[in-house]
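Down below is the structure, laid out as structure tokens.
The figures here come from the full heavy-atom set of this structure, side chains too, leaving out hydrogens, waters and symmetry mates. Reminder, nothing fancy here: chain letters follow the sequence lines and each chain counts from 1.
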Amino acid sequence: MKIATFNVNSINARLGNLTQWLEAVGPDIVLLQEIKCQTEAFPTLAFETLGYQARALGQKSYNGVAILSRHSIEDVLEGLPGDSEDAQARYLEATIQGVRVAAIYLPNGNPIATHKFDYKLAWMTRLHTRAADLLKTGGPVVLGGDYNVIPEPVDCENPAEWQDDALFQPQSRRAFRALLHLGYYDAFRSLHPEARRAYTFWDYQRGALQRDDGIRIDHLLLSPQALDRLVSCGIDKAPRLEPKASDHTPIMLELRP
DNA sequence: ATGGTAGGTTGCCTA
């Protein structure tokens with residue numbers, strides 16, 4: 001079973017790019033972020049035509065997550081537990097073929113001297129709690145999404161450039177590491193410990209793509225039971241090179257049955 | 001030190 005995560009930066013702006021990629025690659029499950037539309041406005045029909053069911057959790061203008069699946073989507077959880085006041089659409093969880101999956105759009109957190117960074121860290125604390133609960137089920141769990149965290153210096157081309165950025169702050173990196181210490185595995189890093197210049201995001205600005213000035217911030221975290229089934233994991237750079245591309249590119253893994 | 005690009009909304013915010 002192939003599971004991918006892809007921050008599309010507007011589902012409507014990316015409909016052509018995304019459907020082309022789905023047809024070319026044929027993932028079983030796709031975890032989407034930044035759909036940037038309201039739940040009811042999600043273009044479900046376009047995906048049903050390609051054989052995918054869809055579940056979305058959106059809001060006006062910003063954020064928004066969704067799950068596409070060739071298999072039935074069950075036991076959906078909308079929103080990250082832990083703060084009933086939080087209206088931002090950043091978390092969607094479901095069971096597909098016995099695997100518990102989550103589409104995560106972790107807050108960016110910039111600028112760091114503002115409440116936005118506090119919100120990011122608080123959100124990561126809530127994610128930690130939820131991730132711990134999911135581990136206790138003892139089943140396969142795949143937490144995929146745009147974590148907005150550069151885990152290590154090797155996960156960016158130019159660490160100095162990110163020194164004052166929320167994505168590379170010690171607190172952000174520590175909170176990401178804490179998820180691993182719970183017992184989760186970074187699928188890409190587990191299989192490719194020595195990989196360099198393995199990026200999932202290149203800014204639209206300053207010719208970042210042309211200079212390969214990227215960062216690895218889209219991650220697939222696996223419970224031990226999912227890791228046991230891990231066959232492969234890779235970043236597909238091709239979509240980022242297409243016209244009208246998202247600033248992110250998908251990362252995908254395969255689980256054996 | 002600044003501003004560069006993209007998307008959605010609306011006269012600007014987020015990334």
- prompt: Which pairs pass salt bridge (charged side-chain N to carboxylate O under 4.0 Å, His left out) with one or both residues in residues 227-251 of chain A, sequence neighbours excluded?
  reply: D212(A)-K237(A)
message: At a heavy-atom distance below 4.0 Å, which nucleotide of DNA chain B is the first touched by chain A, and which is the last?
response: dG3(B) to dA15(B)
- request: Could you identify which residues cluster with L180(A), counting Ile, Leu, Val, Met, Phe, Trp and Tyr as linked when any side-chain heavy atoms lie under 4.5 Å apart, either directly or through a chain of such contacts?
  value: L77(A), L80(A), Y91(A), I104(A), L106(A), Y119(A), W123(A), M124(A), L127(A), L134(A), L135(A), V141(A), L143(A), Y147(A), V149(A), F176(A), L179(A), L182(A), Y184(A), L221(A)
query: Relative to the 5' end of DNA chain B, which residue comes earlier, N63(A) or S10(A), by the nucleotide with the nearest heavy atom?
result: S10(A)
Only pairs under 3.5 Å count here: list side-chain donor-acceptor contacts from residues 41-49 of chain A, not counting sequence neighbours, and write none if there are none.
| unit_1 | atom_1 | unit_2 | atom_2 | d |
| --- | --- | --- | --- | --- |
| T44(A) | OG1 | F42(A) | O | 3.4 |
| T49(A) | OG1 | L45(A) | O | 2.8 |

message: Holding to ring-ring contact (aromatic ring centres under 6.0 Å, His included), I want the full list of residues that pass it with F117(A), two or more places apart in sequence or in another chain.
response: none
message: Reading DNA chain B from 5' onward, which residue's closest nucleotide shows up sooner: K244(A) or E34(A)?
response: K244(A)
- prompt: What distance, rounded to whole Å, do you find between the two P atoms, one in dG3(B) and one in dG7(B)?
  reply: 22 Å
message: Before you tell me yes or no, could you show the steps for E93(A) and R130(A) under salt bridge (charged side-chain N to carboxylate O under 4.0 Å, His left out), namely the whole-Å CA-CA distance, both residues' side-chain angles and the distance that decides it to 0.1 Å?
response: CA-CA 11 Å; E93(A) 193 185 290; R130(A) 183 61 189 166; 2.6 Å; yes
Identify each donor-acceptor pair in which a side-chain atom of residues 23-30 of chain A lies under 3.5 Å from a protein atom, sequence neighbours left out, and give them as a table.
| unit_1 | atom_1 | unit_2 | atom_2 | d |
| --- | --- | --- | --- | --- |
| D28(A) | OD1 | H71(A) | NE2 | 3.3 |
| D28(A) | OD2 | K2(A) | N | 2.7 |

task: Looking at every strand, decide which applies to R211(A) at a 4.0 Å heavy-atom threshold: base, sugar-phosphate, or nothing.
output: nothing
dT9(B) versus dT14(B) - spacing of their P atoms, nearest Å: 14 Å
query: Using a cut-off of 4.0 Å on non-hydrogen atoms, how would the nucleic acid contact of F201(A) be classed: base, sugar-phosphate, or nothing?
result: nothing
query: Expressed in whole Å, how much space separates the C1' atoms belonging to dA15(B) and dG4(B)?
result: 13 Å
